[in-house]
Amino acid sequence: MAWRNHSTITEFIFIGLSDNAQIKALLFVLFLGIFILTVIGNLTMLLVIRVDSHLHTPMYFFLSNLSFLDLCFSSVTVPKLLEDLLSERKAISVEACLTQVFFVFITAGTEAFLLSMMAYDRYAAICYPLLYGQMMSNELCVKLVLLSWGLASINSVVIVLLAVNLDFCEAQTIHHYTCELPSLFPLSCSDVSININILICSTLLHGLGTFLPIFFSYVRIVSTILSMSSTTGRSKAFNTCSSHLIAVILFFGSGLVRYLMPTSGSSLDLLSSLQYSAVTPMLNPLIYSLKNQEVKAAVKRTLGKCLHYFGDLSQRHRTHLRSTRS
């Protein structure tokens with residue numbers, strides 16, 4: 001690498017999604033639209049949850065953090081992808097590549113922990129509704145979010161250290177559109193067998209450590225829902241979980257495929273990465289807003305307040321102009 005004397009590679013070249021100019025133009029428009037929708041959707045969720053007092057609950061506290069993470073996650077990879085779709089030479093320095101690896105892992109890792117804690121929140125709300133306020137106090141929610149960031153940061157540092165210790169001598173073409181550790185291993189002239197084993201163990205520990213609490217939470221949730229005598233109660237309880245369950249399936253499904261399957265540079269590698277780094281961050285705010293009546297109502301209230309505010313502002317401006325003319 002650039003800061004190591006025995007490494008000659010200073011930059012990598014992405015193979016990208018396509019070399020066809022027309023296809024690249026179509027992909028640029030597609031992913032630009034996805035990125036804009038991601039930014040607008042997640043910023044809207046953050047704004048609505050912030051200004052609407054009805055949503056100042058643990059569930060929406062976690063959801064606001066999820067929106068922030070999705071915004072960061074998408075910003076780590078998609079802008080570089082858009083730049084490369086407009087460029088003939090899709091290059092990235094080794095330092096920038098490792099930085100991207102770090103931020104991919106810290107944002108994705110934190111999101112995995114957060115989804116796990118959101119499952120526990122739904123478990124507490126459905127299985128112990130009378131004790132929910134005690135089980136999910138504001139102090140506990142803040143600690144859980146900080147714990148998510150802390151554990152993901154430690155894991156990200158370990159992962160990046162795996163790449164920092166690699167030598168890159170000749171091969172510099174990454175058969176991908178972004179820097180991810182599985183794509184860097186084939187380029188190294190070092191022995192990467194230990195690094196691959198550590199990555200697999202880290203992924204399994206991280207994945208299972210976050211997925212198993214989700215699984216057991218939903219086993220209890222389903223059991224509680226099935227034991228309800230009221231059809232309306234069962235439907236309402238299921239609706240409070242369905243959005244989170246869809247988000248879990250989208251995120252964990254594509255993420256585990258990417259990091260547990262052998263790297264081949266195939267379409268499956270690209271599609272799984274695009275799924276969790278570009279598509280899922282765009283879909284999450286849509287899933288939660290379209291399937292959640294409270295969010296829909298909050299969006300309407302927030303829009304009403306905004307329209308009322310701008311209406312008053314416009315009226316004051318017109319009044320000021322009339323007084324100035326007179």
Side-chain angles (χ1 to χ4, degrees), residues 1-17 73 76-77 80-81 84 90-113 116 148 150-212 215 251-277:
M1 276 183 263
W3 59 84
R4 295 180 59 155
N5 294 330
H6 54 288
S7 192
T8 60
I9 297 298
T10 60
E11 66 176 12
F12 296 116
I13 307 296
F14 293 125
I15 195 171
L17 299 179
F73 196 8
V76 171
T77 56
K80 178 59 179 172
L81 171 61
D84 289 342
K90 300 176 279 289
I92 186 171
S93 68
V94 173
E95 294 88 346
C97 187
L98 293 181
T99 300
Q100 193 175 63
V101 168
F102 175 79
F103 282 107
V104 164
F105 269 94
I106 194 172
T107 51
T110 305
E111 184 159 337
F113 280 116
S116 181
S148 298
L151 292 174
S153 299
I154 294 171
N155 184 62
S156 301
V157 170
V158 172
I159 293 298
V160 170
L161 288 177
L162 295 180
V164 167
N165 290 322
L166 295 177
D167 294 321
F168 299 99
C169 305
E170 295 180 5
Q172 63 179 144
T173 301
I174 297 178
H175 293 274
H176 211 267
Y177 71 92
T178 188
C179 283
E180 293 183 350
L181 205 53
S183 300
L184 296 182
F185 285 151
L187 306 183
S188 176
C189 50
S190 306
D191 180 8
V192 297
S193 56
I194 296 177
N195 302 66
I196 292 175
N197 290 333
I198 293 175
L199 177 63
I200 292 174
C201 290
S202 174
T203 303
L204 285 172
L205 286 173
H206 198 128
L208 292 175
T210 52
F211 182 77
L212 287 179
F215 176 77
F251 181 82
F252 278 90
S254 55
L256 290 177
V257 166
R258 176 67 181 119
Y259 282 90
L260 293 182
M261 295 288 289
T263 300
S264 61
S266 65
S267 298
L268 181 61
D269 284 347
L270 295 175
L271 288 174
S272 60
S273 293
L274 288 170
Q275 169 66 50
Y276 70 76
S277 66

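Being a predicted model, the structure only gives us computed values, none of them experimental.
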> Out of curiosity, Ile13 CD1 to Lys90 NZ, how far, rounded to the nearest 0.5 Å?
Replying inline: 9.0 Å
>> Is there a side chain to side chain contact (heavy atoms under 4.5 Å, CB included) between Leu81 and Leu17? Walk through the geometry before answering.
In response: CA-CA 9 Å; Leu81 171 61; Leu17 299 179; 3.8 Å; yes
>> Quick check: do Phe105 and Glu180 have side-chain heavy atoms less than 4.5 Å from each other?
In response: no
> Of all heavy-atom pairs between Gly109 and Ala152, which one has the smallest distance, and what is that distance?
Replying inline: C-CB, 3.7 Å
> Below 4.5 Å, heavy atoms only, C-beta onward: do Ile174 and Cys97 meet side chain to side chain?
Replying inline: yes
> What residue among Ile159, Leu204, Ile194 forms side chain to side chain contact (heavy atoms under 4.5 Å, CB included) with Leu199?
Replying inline: Ile159
>> Using a 3.5 Å distance criterion without hydrogens, assess whether the side chain of Thr107 forms a donor-acceptor pair with backbone atoms of Phe73.
In response: no
> Would a distance-only check, ignoring hydrogens and angles, find a side-chain to backbone donor-acceptor pair under 3.5 Å from Thr210 to His206?
Replying inline: yes
>> Minimum heavy-atom separation for Thr173 and Leu187, please, with both atom names.
In response: O-CD2, 3.1 Å
> Is there a side-chain contact between Leu98 and Leu184 (heavy atoms, below 4.5 Å)?
Replying inline: yes
> Just by distance, do the side chain of Gln100 and the backbone of Cys179 share a donor-acceptor pair under 3.5 Å?
Replying inline: yes
> Just how far is it from atom NE2 of His175 to atom CZ of Phe14, taken to the nearest 0.5 Å?
Replying inline: 12.5 Å
>> Are more than 12 heavy atoms, taken from residues, nucleotides or ligands other than Phe102, located less than 6.0 Å from that residue's CZ atom?
In response: yes
> Counting only N and O atoms by type, is there a donor-acceptor contact under 3.5 Å from the side chain of Asn155 to the main-chain atoms of Leu151?
Replying inline: no
>> For a 4.5 angstrom cut-off between non-hydrogen side-chain atoms, does Tyr177 reach Leu274?
In response: yes
